[in-house]
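Here's the structure, in structure tokens; my notes come after.
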Amino acid sequence: MPELPEVETVARGLRAVLPGRRIVDVRLGKTDFMDNPAEIGSRVPGSLVRAVRRHGKFLVLDLEHDGARPGKELLVVHLGMTGQLRVVPADAEIAPHTHAFFSLDDSRELRFRDPRRFGRMLVAAPAEEEKILGPLGADPTEVGEEEFGRRITSRRARIKALLLDQTVFRGMGNIYTDESLWRAKIHPARLGANLKPAEVARLYRAVRSILAEAIRLGGSSISDFVGSNGEPGEFQIRHRAYDREGKKCSRCGTKIRRMIVAGRSSYFCPHCQRAPRSTRKA
DNA sequence: CGTTGAACCTGTTTGC
DNA sequence: TGCAAACAGGTTCAAC
């Protein structure tokens, strides 16, 4: 669920409360989704949170130790499918599947909850950042139109696969990919290299406007997404394609269809988004 | 290069 | 009603 707008929502929420706070204690539950749980337990306590950043779907907390053993650390978190990061009073009830507790110096706690444990968490030295986040592609909210087009038209993979590929663009997931393709009137099975300039231009505008609006509305809450303050997002009410199989396209009235593209459920309007010859009929 | 399917794990929805 | 299958915002890896 957490795609770029949801992770951005969490990042903004954490940014409002964490910088300047000290993490005084760390307690861990299940740790099978952590790269180095023992290191998290030993290297995070005592650190000061300097900044909160988002890189694609990754969240990065810049930590700094002062005193006896000064140094910087990065706490890297990926929310996977069902991950949540929330700041709550230290005595708040513990929700099921809460696997990490970071006690703060203001009687509150940063908690990580993840029922499916598809998330990821690790602590790393700043020098390791490039190795971890370097492979990620361009941020779709910052990329220029020219580079956006180049990354698409230079490839013969399906546009859906390209938008989902985190080494092409970082942050898009199944929801925003379908919403963007619907708005741009492009079928998910089209090949990147076959998109015409006008289509690339439409897609560029669609991606950027969809992501911007989703961020503005705090992301999409399909079943359980909440921001760091526990508030759900509201963009799901604006969905025009995702999870709308059988419902009418809001542009033309044709029923939205679902098909598997790039291994993922893909929702599209068969009238507005014409299929390429390769997949037509069947 | 590009595609497909399975795996990771738990919870919810759907179908018979 | 009840149980099993299908499905879910993500990523990664093997096989073709």
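In the text below, chain A, chain B and the rest are named by the order of the sequence lines, each starting its count at 1. This is a predicted model, so every value here is computed, not measured. All values below come from the heavy atoms of this structure, side chains included, with hydrogens, waters and symmetry mates left out.
- When the C1' atom of C:dT11 is taken as reference, atom CG of A:Asp114 falls 13 Å away, rounded to whole Å.
- Linking ILVMFWY residues whenever their side-chain heavy atoms come closer than 4.5 Å, directly or via other members, places A:Val17 and A:Leu59 in the same cluster.
- When side chains are defined from C-beta on, A:Pro140 does not count as touching A:Tyr204, because their heavy atoms never get closer than 4.5 Å.
- Heavy atoms of A:Arg155 sit under 4.0 angstrom from primed sugar atoms or phosphate atoms, though from no base atom.
- Between A:Phe118 atom CZ and C:dT11 atom P the separation is 12 Å, expressed in whole Å.
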Between the protein and nucleotides 5-7 of chain C, which nitrogen or oxygen pairs are less than 3.5 angstrom apart?
residue, atom, partner, partner atom, Å
C:dC7, OP1, A:Arg258, NH2, 3.2

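- Backbone-only contact: A:Tyr242 has heavy atoms under 4.0 Å from sugar-phosphate atoms and none from a base.
- Note on A:Arg117: only backbone sugar-phosphate atoms sit closer than 4.0 angstrom, heavy atoms only; bases stay farther off.
- A salt bridge does not link A:Asp243 to A:Arg258: none of the charged side-chain nitrogens sits closer than 4.0 Å to a carboxylate oxygen.
- Only the C1' atoms considered, C:dG10 is 23 Å distant from B:dC1, to the nearest whole Å.
- Salt bridge status for A:Arg183 with A:Glu213: present, with a side-chain N to carboxylate O gap under 4.0 Å.
- Ring centroid separation for the pair A:Tyr267 and A:His239 does not come in under the 6.0 Å cut-off.
- Using atom P as the reference point in both C:dC3 and B:dC9, the two lie 25 Å apart (nearest Å).
- A:Gly263 comes within 4.0 angstrom of no nucleic acid atom, judged by non-hydrogen atoms across all strands.
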Can you give the dot-bracket line for DNA chain C, where a pair is Watson-Crick or G-U wobble with both atom distances under 3.5 Å, crossing pairs use [ ], and | marks a partner on another strand? .|||||||.|||||||

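- Using a 4.5 Å heavy-atom cutoff, the side chains of A:Tyr176 and A:Ser220 are in contact.
- In this structure, A:Lys30 reaches the sugar-phosphate backbone alone: every heavy-atom distance under 4.0 Å involves primed, P, OP1 or OP2 atoms, never a base.
- The pair A:Arg264-A:Asp178 fails the salt-bridge criterion, with no side-chain N (NZ, NE, NH1 or NH2) lying under 4.0 Å from an Asp/Glu carboxylate O.
- Between C:dT1 and B:dT10, the two P atoms lie 28 Å apart (nearest whole Å).
- Looking at A:Glu179, its side chain does come within 3.5 Å of a backbone N or O of A:Tyr242 through a donor-acceptor pair.
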Criterion side chain to side chain donor-acceptor pair (under 3.5 Å) on A:Arg86 and A:Ser228, from CA distance to verdict: CA-CA 4 Å; A:Arg86 296 181 56 180; A:Ser228 65; over 6 Å; no

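- For the pair A:Arg264 and C:dG10, the criterion of a side-chain N or O lying under 4.0 Å from OP1 or OP2 is met.
- The outermost nucleotides of DNA chain B lying under 4.0 Å from heavy atoms of chain A, listed 5' to 3', are B:dG2 to B:dG11.
- Rounding to whole angstrom units, CD1 of residue A:Ile222 and P of C:dA8 are separated by 11 Å.
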